[in-house]
Novice: 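Please find one structure pasted underneath; my questions will follow.
Note on naming: letters A, B, ... go to the chains in the order of the sequence lines (proteins, then strands), and numbering restarts at 1 for each one. Note that this is a predicted model, so its numbers are computed, not measured.
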Protein chains: 2
Amino acid sequence: METTCEVPESPWDIYLRNCPCRDVLDLLANKWTALVLGALSRRPHRFGELRRAVGGISQKMLTQNLRAFERDGLVTRTVFPTTPPTVEYALTERGASAGTLLMAVSEWSVANFDGILESRKEYDSRVMEPVG
Amino acid sequence: METTCEVPESPWDIYLRNCPCRDVLDLLANKWTALVLGALSRRPHRFGELRRAVGGISQKMLTQNLRAFERDGLVTRTVFPTTPPTVEYALTERGASAGTLLMAVSEWSVANFDGILESRKEYDSRVMEPVG
DNA sequence: CGGGATCCGGTCGGATACTG
DNA sequence: CAGTATCCGACCGGATCCCG
(Lines give C-alpha, C1' and ligand atoms only; values in the text may rest on other atoms or scores of the structure.)
Protein backbone atom coordinates (compact mmCIF):
# COMPACT_ATOMS: atom_id res chain seq x y z
CA MET A 1 0.00 0.00 0.00
CA GLU A 2 2.12 2.80 -1.21
CA THR A 3 1.45 5.96 -3.15
CA THR A 4 3.62 6.89 -6.09
CA CYS A 5 6.85 6.09 -4.31
CA GLU A 6 7.76 3.14 -6.46
CA VAL A 7 8.22 4.77 -9.83
CA PRO A 8 11.97 4.31 -10.26
CA GLU A 9 12.46 5.70 -13.74
CA SER A 10 10.28 5.74 -16.80
CA PRO A 11 11.76 5.24 -20.25
CA TRP A 12 10.44 8.69 -21.14
CA ASP A 13 12.71 11.66 -21.61
CA ILE A 14 10.74 14.86 -21.49
CA TYR A 15 13.59 16.80 -23.04
CA LEU A 16 13.13 14.86 -26.28
CA ARG A 17 11.18 16.70 -28.91
CA ASN A 18 8.44 14.15 -29.44
CA CYS A 19 8.14 12.71 -25.97
CA PRO A 20 4.44 12.07 -25.39
CA CYS A 21 4.85 13.24 -21.80
CA ARG A 22 4.94 16.75 -23.16
CA ASP A 23 1.17 16.47 -23.30
CA VAL A 24 1.03 16.20 -19.56
CA LEU A 25 3.53 18.96 -18.97
CA ASP A 26 1.55 21.20 -21.30
CA LEU A 27 -1.57 20.49 -19.31
CA LEU A 28 0.11 21.46 -16.05
CA ALA A 29 1.84 24.42 -17.65
CA ASN A 30 -1.47 25.96 -18.54
CA LYS A 31 -2.68 29.42 -17.69
CA TRP A 32 -5.42 28.21 -15.35
CA THR A 33 -4.33 24.78 -14.18
CA ALA A 34 -2.44 25.89 -11.08
CA LEU A 35 -5.31 28.06 -9.88
CA VAL A 36 -8.07 25.56 -10.55
CA LEU A 37 -6.27 22.62 -8.97
CA GLY A 38 -5.19 24.92 -6.16
CA ALA A 39 -8.77 25.86 -5.41
CA LEU A 40 -9.86 22.24 -5.52
CA SER A 41 -7.03 21.36 -3.16
CA ARG A 42 -8.83 23.18 -0.39
CA ARG A 43 -12.11 21.36 -0.87
CA PRO A 44 -14.47 20.10 -3.58
CA HIS A 45 -16.29 22.83 -5.44
CA ARG A 46 -19.41 23.19 -7.48
CA PHE A 47 -19.03 24.68 -10.93
CA GLY A 48 -20.14 28.24 -10.22
CA GLU A 49 -18.37 28.21 -6.91
CA LEU A 50 -15.15 27.29 -8.64
CA ARG A 51 -15.72 29.95 -11.26
CA ARG A 52 -15.97 32.57 -8.52
CA ALA A 53 -12.96 31.18 -6.67
CA VAL A 54 -10.68 31.56 -9.67
CA GLY A 55 -11.08 35.22 -10.52
CA GLY A 56 -11.20 36.04 -14.20
CA ILE A 57 -11.66 32.57 -15.64
CA SER A 58 -14.36 32.29 -18.25
CA GLN A 59 -17.00 29.62 -18.19
CA LYS A 60 -15.62 28.14 -21.37
CA MET A 61 -12.08 27.80 -20.11
CA LEU A 62 -13.20 26.38 -16.79
CA THR A 63 -15.28 23.74 -18.53
CA GLN A 64 -12.47 22.94 -20.92
CA ASN A 65 -9.96 22.57 -18.09
CA LEU A 66 -12.26 20.45 -15.96
CA ARG A 67 -12.98 18.10 -18.85
CA ALA A 68 -9.27 17.64 -19.49
CA PHE A 69 -8.62 17.05 -15.80
CA GLU A 70 -11.41 14.52 -15.63
CA ARG A 71 -10.11 12.72 -18.69
CA ASP A 72 -6.63 12.52 -17.21
CA GLY A 73 -7.95 11.29 -13.88
CA LEU A 74 -7.10 14.40 -11.92
CA VAL A 75 -10.65 15.27 -10.87
CA THR A 76 -13.92 13.46 -10.45
CA ARG A 77 -17.22 14.89 -11.59
CA THR A 78 -20.26 13.97 -9.54
CA VAL A 79 -23.77 14.91 -10.59
CA PHE A 80 -26.53 15.08 -8.00
CA PRO A 81 -29.96 14.77 -9.64
CA THR A 82 -31.46 17.82 -8.00
CA THR A 83 -33.28 20.72 -9.61
CA PRO A 84 -31.44 22.72 -10.61
CA PRO A 85 -28.62 20.24 -11.14
CA THR A 86 -25.73 20.12 -8.70
CA VAL A 87 -22.32 19.12 -9.97
CA GLU A 88 -19.37 18.67 -7.69
CA TYR A 89 -15.75 18.54 -8.73
CA ALA A 90 -13.20 16.95 -6.44
CA LEU A 91 -9.56 15.98 -6.77
CA THR A 92 -8.50 12.38 -7.17
CA GLU A 93 -5.37 11.21 -5.44
CA ARG A 94 -3.41 11.93 -8.58
CA GLY A 95 -4.98 15.37 -8.86
CA ALA A 96 -4.16 16.11 -5.25
CA SER A 97 -0.49 15.40 -5.78
CA ALA A 98 -0.46 17.63 -8.86
CA GLY A 99 -2.32 20.29 -6.88
CA THR A 100 0.26 20.26 -4.13
CA LEU A 101 3.03 20.75 -6.66
CA LEU A 102 1.28 23.56 -8.46
CA MET A 103 0.25 25.36 -5.31
CA ALA A 104 3.94 25.64 -4.56
CA VAL A 105 4.35 27.33 -7.93
CA SER A 106 1.54 29.77 -7.17
CA GLU A 107 3.02 30.55 -3.79
CA TRP A 108 6.41 31.07 -5.34
CA SER A 109 4.89 33.60 -7.71
CA VAL A 110 3.42 35.57 -4.85
CA ALA A 111 6.50 35.33 -2.63
CA ASN A 112 8.90 36.45 -5.34
CA PHE A 113 6.73 39.05 -7.01
CA ASP A 114 8.21 42.07 -5.28
CA GLY A 115 11.77 41.07 -6.05
CA ILE A 116 10.88 40.35 -9.64
CA LEU A 117 9.30 43.78 -10.00
CA GLU A 118 12.56 45.35 -8.91
CA SER A 119 14.54 43.25 -11.34
CA ARG A 120 12.26 44.39 -14.10
CA LYS A 121 12.66 48.04 -13.20
CA GLU A 122 16.41 47.70 -13.16
CA TYR A 123 16.46 45.77 -16.44
CA ASP A 124 14.17 48.20 -18.21
CA SER A 125 16.14 51.24 -17.14
CA ARG A 126 19.32 49.52 -18.27
CA VAL A 127 17.94 48.66 -21.69
CA MET A 128 15.65 51.58 -22.51
CA GLU A 129 17.54 54.59 -21.19
CA PRO A 130 20.86 54.57 -23.08
CA VAL A 131 19.22 55.17 -26.43
CA GLY A 132 16.56 57.55 -25.12
CA MET B 1 21.24 39.44 5.45
CA GLU B 2 18.60 36.86 4.81
CA THR B 3 17.32 35.17 1.73
CA THR B 4 13.64 34.92 1.05
CA CYS B 5 12.89 33.28 4.36
CA GLU B 6 11.25 36.29 5.88
CA VAL B 7 8.30 36.69 3.54
CA PRO B 8 5.45 36.00 5.97
CA GLU B 9 2.58 36.88 3.68
CA SER B 10 2.31 39.27 0.81
CA PRO B 11 -0.79 41.41 0.40
CA TRP B 12 -1.23 39.75 -2.99
CA ASP B 13 -3.96 37.23 -3.66
CA ILE B 14 -3.28 35.33 -6.84
CA TYR B 15 -6.86 34.11 -7.00
CA LEU B 16 -8.02 37.69 -7.58
CA ARG B 17 -8.69 38.50 -11.20
CA ASN B 18 -6.35 41.47 -11.52
CA CYS B 19 -3.57 40.40 -9.19
CA PRO B 20 -0.31 41.50 -10.82
CA CYS B 21 1.30 38.27 -9.60
CA ARG B 22 -0.54 36.53 -12.40
CA ASP B 23 2.22 37.83 -14.63
CA VAL B 24 4.73 35.71 -12.78
CA LEU B 25 2.52 32.64 -12.69
CA ASP B 26 1.93 33.00 -16.41
CA LEU B 27 5.66 33.09 -16.98
CA LEU B 28 6.19 29.90 -15.02
CA ALA B 29 3.14 28.27 -16.55
CA ASN B 30 4.60 28.61 -19.99
CA LYS B 31 5.09 25.87 -22.52
CA TRP B 32 8.91 25.99 -22.37
CA THR B 33 9.74 27.48 -18.98
CA ALA B 34 9.97 24.22 -17.05
CA LEU B 35 12.26 22.63 -19.62
CA VAL B 36 14.56 25.60 -20.08
CA LEU B 37 14.99 26.29 -16.39
CA GLY B 38 15.32 22.56 -15.84
CA ALA B 39 18.19 22.33 -18.30
CA LEU B 40 19.88 25.34 -16.75
CA SER B 41 19.48 23.75 -13.34
CA ARG B 42 22.05 21.17 -14.28
CA ARG B 43 24.66 23.68 -15.39
CA PRO B 44 25.07 26.91 -17.34
CA HIS B 45 24.52 26.58 -21.07
CA ARG B 46 25.46 28.44 -24.17
CA PHE B 47 22.65 29.38 -26.52
CA GLY B 48 22.97 26.64 -29.10
CA GLU B 49 23.72 24.11 -26.44
CA LEU B 50 20.51 25.02 -24.68
CA ARG B 51 18.60 24.85 -27.92
CA ARG B 52 19.80 21.30 -28.44
CA ALA B 53 19.10 20.36 -24.83
CA VAL B 54 15.45 21.36 -25.06
CA GLY B 55 14.24 19.31 -27.99
CA GLY B 56 11.81 21.03 -30.30
CA ILE B 57 12.16 24.58 -29.08
CA SER B 58 12.58 27.12 -31.83
CA GLN B 59 15.30 29.72 -31.74
CA LYS B 60 12.73 32.46 -31.50
CA MET B 61 10.97 31.02 -28.47
CA LEU B 62 14.24 30.27 -26.72
CA THR B 63 15.40 33.84 -27.18
CA GLN B 64 12.05 35.19 -26.04
CA ASN B 65 12.06 33.03 -22.94
CA LEU B 66 15.65 33.84 -22.04
CA ARG B 67 15.01 37.57 -22.36
CA ALA B 68 12.00 37.33 -20.08
CA PHE B 69 13.96 35.27 -17.58
CA GLU B 70 16.78 37.76 -17.63
CA ARG B 71 14.40 40.65 -17.12
CA ASP B 72 12.81 38.95 -14.14
CA GLY B 73 16.16 38.12 -12.62
CA LEU B 74 15.95 34.37 -13.13
CA VAL B 75 18.98 34.03 -15.38
CA THR B 76 22.14 35.96 -16.11
CA ARG B 77 23.49 36.48 -19.57
CA THR B 78 27.25 36.69 -19.91
CA VAL B 79 28.94 37.58 -23.17
CA PHE B 80 32.54 36.59 -23.79
CA PRO B 81 34.11 38.74 -26.52
CA THR B 82 35.43 35.87 -28.57
CA THR B 83 35.02 35.21 -32.27
CA PRO B 84 32.54 33.86 -32.84
CA PRO B 85 30.77 35.28 -29.79
CA THR B 86 30.20 33.09 -26.77
CA VAL B 87 27.15 33.73 -24.62
CA GLU B 88 26.51 31.86 -21.43
CA TYR B 89 23.22 31.64 -19.60
CA ALA B 90 23.17 30.70 -15.93
CA LEU B 91 20.54 30.64 -13.23
CA THR B 92 20.45 33.25 -10.51
CA GLU B 93 19.55 32.19 -7.02
CA ARG B 94 15.96 33.11 -7.73
CA GLY B 95 16.03 31.19 -10.98
CA ALA B 96 17.47 28.17 -9.25
CA SER B 97 14.61 28.07 -6.77
CA ALA B 98 12.09 28.35 -9.60
CA GLY B 99 13.97 25.66 -11.49
CA THR B 100 13.80 23.27 -8.57
CA LEU B 101 10.06 23.76 -8.35
CA LEU B 102 9.48 23.30 -12.05
CA MET B 103 11.72 20.27 -12.35
CA ALA B 104 9.40 18.63 -9.87
CA VAL B 105 6.55 19.39 -12.25
CA SER B 106 8.43 17.87 -15.19
CA GLU B 107 9.25 14.81 -13.17
CA TRP B 108 5.64 14.49 -12.11
CA SER B 109 4.62 14.52 -15.76
CA VAL B 110 6.96 11.66 -16.56
CA ALA B 111 6.14 9.64 -13.47
CA ASN B 112 2.38 9.88 -13.94
CA PHE B 113 2.26 9.59 -17.70
CA ASP B 114 1.44 5.91 -17.87
CA GLY B 115 -1.39 6.18 -15.38
CA ILE B 116 -2.78 9.20 -17.18
CA LEU B 117 -2.76 7.35 -20.48
CA GLU B 118 -4.90 4.63 -18.93
CA SER B 119 -7.29 7.18 -17.52
CA ARG B 120 -7.64 8.67 -20.96
CA LYS B 121 -8.34 5.33 -22.57
CA GLU B 122 -10.98 4.56 -20.00
CA TYR B 123 -12.54 8.02 -20.29
CA ASP B 124 -12.62 7.96 -24.08
CA SER B 125 -14.21 4.52 -24.26
CA ARG B 126 -16.79 5.66 -21.74
CA VAL B 127 -17.68 8.81 -23.65
CA MET B 128 -17.30 7.81 -27.30
CA GLU B 129 -18.66 4.26 -27.38
CA PRO B 130 -22.26 4.57 -26.21
CA VAL B 131 -23.28 6.64 -29.21
CA GLY B 132 -21.32 4.60 -31.76
C1' DC C 1 -27.43 25.99 -12.12
C1' DG C 2 -24.26 23.83 -15.33
C1' DG C 3 -23.17 23.68 -19.19
C1' DG C 4 -22.88 23.37 -25.15
C1' DA C 5 -22.23 25.96 -29.58
C1' DT C 6 -20.55 29.63 -32.12
C1' DC C 7 -18.15 33.77 -33.55
C1' DC C 8 -14.01 36.20 -33.58
C1' DG C 9 -9.86 38.94 -32.38
C1' DG C 10 -5.32 38.49 -30.38
C1' DT C 11 -1.48 36.26 -29.32
C1' DC C 12 1.54 32.17 -29.47
C1' DG C 13 4.82 30.17 -31.90
C1' DG C 14 7.03 27.90 -36.10
C1' DA C 15 9.60 28.73 -40.58
C1' DT C 16 12.43 31.45 -43.11
C1' DA C 17 15.78 34.94 -44.28
C1' DC C 18 19.27 38.08 -42.89
C1' DT C 19 23.17 40.23 -39.69
C1' DG C 20 27.74 40.81 -37.05
C1' DC D 1 27.70 31.25 -32.99
C1' DA D 2 24.07 34.11 -31.37
C1' DG D 3 20.97 36.39 -32.40
C1' DT D 4 17.06 40.08 -35.11
C1' DA D 5 13.14 40.72 -38.26
C1' DT D 6 9.17 39.33 -40.69
C1' DC D 7 5.46 36.63 -42.39
C1' DC D 8 1.67 33.91 -41.29
C1' DG D 9 -1.16 30.05 -39.70
C1' DA D 10 -3.04 27.89 -35.51
C1' DC D 11 -5.35 27.92 -31.43
C1' DC D 12 -6.13 30.26 -27.13
C1' DG D 13 -9.47 32.32 -24.86
C1' DG D 14 -13.23 35.88 -24.11
C1' DA D 15 -18.12 37.30 -25.32
C1' DT D 16 -22.51 36.02 -26.49
C1' DC D 17 -26.54 33.18 -27.17
C1' DC D 18 -28.97 29.11 -26.15
C1' DC D 19 -30.66 24.84 -23.69
C1' DG D 20 -32.33 21.25 -19.95
Novice: Within less than 4.0 Å of OP1 or OP2 of D/dC1, is there a side-chain N or O belonging to B/Tyr89?
Specialist: no
Novice: Taking B/Arg71 for the side chain and A/Ser119 for the main chain, is one N or O donor matched with an acceptor at less than 3.5 Å?
Specialist: no
Novice: Round to the nearest Å and state the distance from A/Arg22 atom CZ to C/dG13 atom C1'.
Specialist: 14 Å
Novice: In the structure I gave you, are the side-chain heavy atoms of A/Phe69 and A/Leu91 within less than 4.5 Å of one another anywhere?
Specialist: no
Novice: With clusters defined by side-chain heavy atoms of hydrophobic residues (ILVMFWY) lying less than 4.5 Å apart, directly or transitively, does B/Leu28 cluster with A/Leu27?
Specialist: yes
Novice: Identify whether any heavy atom of A/Phe80 sits under 4.0 Å from a base atom; if not, whether one sits that close to sugar-phosphate; answer base, sugar-phosphate or nothing.
Specialist: nothing
Novice: Looking only at side-chain atoms of A/Arg46, point me to the closest of C/dC1, D/dG3, C/dG3.
Specialist: C/dC1
Novice: Quick test of your reading of the model: are A/Asp26 and B/Lys31 salt-bridged, counting only N-O distances below 4.0 Å?
Specialist: no
Novice: Which whole-number value in Å describes the distance from A/Glu88 CD to C/dG3 C1'?
Specialist: 17 Å
Novice: If the sugar-phosphate is the primed atoms plus P, OP1 and OP2 and the base is the rest, what is the B/S/- string for nucleotides 6-20 of chain D, using protein heavy atoms under 4.0 Å?
Specialist: -B-----BBB----B
Novice: Classify B/Arg67 by what it touches in the nucleic acid, base, sugar-phosphate, or nothing, heavy-atom distance under 4.0 Å.
Specialist: sugar-phosphate
Novice: Rounded to whole angstrom units, what separation is found between the CG atom of A/Leu62 and the P atom of C/dG2?
Specialist: 10 Å
Novice: Provide the full list of side-chain hydrogen bond (donor to acceptor under 3.5 Å, both in side chains) pairs with a residue in residues 38-59 of chain A, sequence neighbours left out, each pair given once.
Specialist: A/Arg43-A/Glu49
Novice: At a heavy-atom distance below 4.0 Å, what parts of residues 33-43 of chain B sit against DNA chain D?
Specialist: none
Novice: Could you state the interatomic distance from CG (B/Asn30) to CG (B/Leu25), rounded to the nearest 0.5 Å?
Specialist: 11.0 Å
Novice: Okay, side chain of A/Thr100, backbone of A/Ala96: is any donor-acceptor separation there less than 3.5 Å?
Specialist: yes
Novice: So what does B/Arg51 touch, heavy atoms closer than 4.0 Å: a base, only the sugar-phosphate, or nothing?
Specialist: nothing
Novice: Can a donor-acceptor pair be found, under 3.5 Å and without considering hydrogens, that links the side chain of A/Thr92 to the backbone of A/Gly73?
Specialist: yes
Novice: Is a side-chain N or O of A/Arg94 found less than 3.5 angstrom from the main chain of A/Asp72, in a donor-acceptor match?
Specialist: yes
